[in-house]
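Single-structure report; data block below.
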Amino acid sequence: MSLSVAVAGASGYAGGELLRLLAQHPELEVRTVTAHANAGQPLVSVHPNLRSLASLTFQETTAEVLAGHDVVFLALPHGHSAGIAAQLPESTLVVDAGADHRLLDAHDWQSFYDTEHAGTWPYGMPELILADGGRQRRELRAARRIAVPGCNATAVTLAIAPGIAAGLVDPTGLTSVLAVGSSGAGRAAKTHLLAAELTGSATPYGVGGTHRHLPEIAQNLRAVGAADVRHSFTPVLVPMSRGILATVSAPLVGDATAEEVQSAWFSAYGDERFVHVLPAGSFPRTADVVGSNSVHIGVGLDIAAGRVVAIAALDNLGKGTAGAAIQSANIALGLDEHTGLSVDGVAP
């Protein structure tokens, strides 16, 4: 018998991707979708691609509407999840794809979000390497509340974590530059996201240590084993609908060879179905991960600069949000972690 599912914020890009993936999930059945401005409208008026869910109509986003389901996915803007979640039964699995419950430190939250900290939930990055050699998935088993990582945080963390875990890189000298698709900015109408503004242009944002994923990345890398993290992080909005290409570099510690560096990444992710380390000399493209729950990583050693360079590609709506949410929910529910999720991208 399928478990009942409600998706709040289902009219947005992240909500739509959750619905697309859930529609093919053999154990989860979407019964309720909610929205704000689109409440009362048919689902397919906003997501005409989701014909298998054409019988659904957006309802108001209230705890009363969401209660009574086995699983509730919250795809809401930051600051909107905590109040709803607090009203849902403890027995309900609640998966927050927003930021409200990601950070451990209340000061970090208040510094970057300027609201009251709502508390911390188990973090939904199953492949995250922990300092004791375990993986974050152990913290998700039987969880009833899960905080889905930020998409940029997923890309940077998975790209460089093996080097920190192996003691090969210095986390106080991290530099990241990310090419980010426009769907990461959400569906709301904004002038700078118009096609006329985006086409033929690349636009940096969140420059100079202001991006809200920075404390999350530092938190993750401390969990891996970094005593201190200093990170220059620059995302760049580029004219593609979805995808992230994160180029992360850090100073090499010691005199490891390129082969030894490559070996550390293969060892870290060799047993992971959704994280794929490419052969030496190969580097990923966002086009190869679109529509999938896969992360492709290429790693190399810049000998002249004395730096390790790791490049990760993922779909910001897939593994960056909706895929991670479903993968983590699968673990919490005792299902095969990979149920309903594909490693295959869509091409061309």
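What you are looking at is a predicted structure, and each value in this text was computed from that prediction instead of being measured.
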### Message
Can you confirm if the aromatic rings of H213 and F112 lie within a centre distance of less than 6.0 Å?
### Response
no

### Message
Please determine whether side-chain contact (heavy atoms from CB on, under 4.5 Å) holds for the pair L103 and Q219, giving the CA-CA distance in whole Å, both sets of side-chain angles, and the decisive distance to 0.1 Å.
### Response
CA-CA 8 Å; L103 296 182; Q219 175 177 292; 3.9 Å; yes

### Query
Rounded to the nearest 0.5 Å, what separation is found between the CD atom of E27 and the OG atom of S2?
6.5 Å

#### Entry: Validation row, ring centre H211 to ring centre Y205 under 6.0 Å
yes

### Query
So do W265 and I297 actually touch side chain to side chain, heavy atoms under 4.5 Å?
yes

### Task
Kindly compute the distance separating CD1 (I311) from CD1 (I160), expressed to the nearest 0.5 Å.
11.0 Å

## Note on the structure
A159 and A310 have their tightest heavy-atom pair at O-CB, 3.3 Å

### Task
Would you kindly say whether T32 and H69 are connected by a side-chain donor-acceptor distance under 3.5 Å?
yes

### Identified side-chain hydrogen bond (donor to acceptor under 3.5 Å, both in side chains) counterpart of R137 within the set E127, Q327, E337
E337

### Task
To the nearest 0.5 Å, tell me how far I331 CD1 sits from L140 CG.
5.0 Å

### Message
How long is the straight-line distance from CD1 of I164 back to CG of L174, given to the nearest 0.5 Å?
### Response
5.5 Å

### Query
Ring centroid separation for H78 and Y113, is it under 6.0 angstrom?
yes

### Query
Taking atom CG of L56 and atom CD of Q41, what is their separation to the nearest 0.5 Å?
14.0 Å

#### Entry: P204 versus T234, closest heavy-atom pair with distance
CB-CG2, 4.4 Å

#### Entry: Polar side chain donor-acceptor pair, H231 to S176, under 3.5 angstrom
yes

### Query
To the nearest 0.5 Å, how far apart are OG1 in T154 and CD1 in I244?
7.5 Å

### Task
Salt-bridge test for R230 and D228: reply yes if a basic N is under 4.0 Å from a carboxylate O, no otherwise.
yes

### Heavy-atom pair of closest approach, residues A250 and V169
CB-CB, 3.8 Å

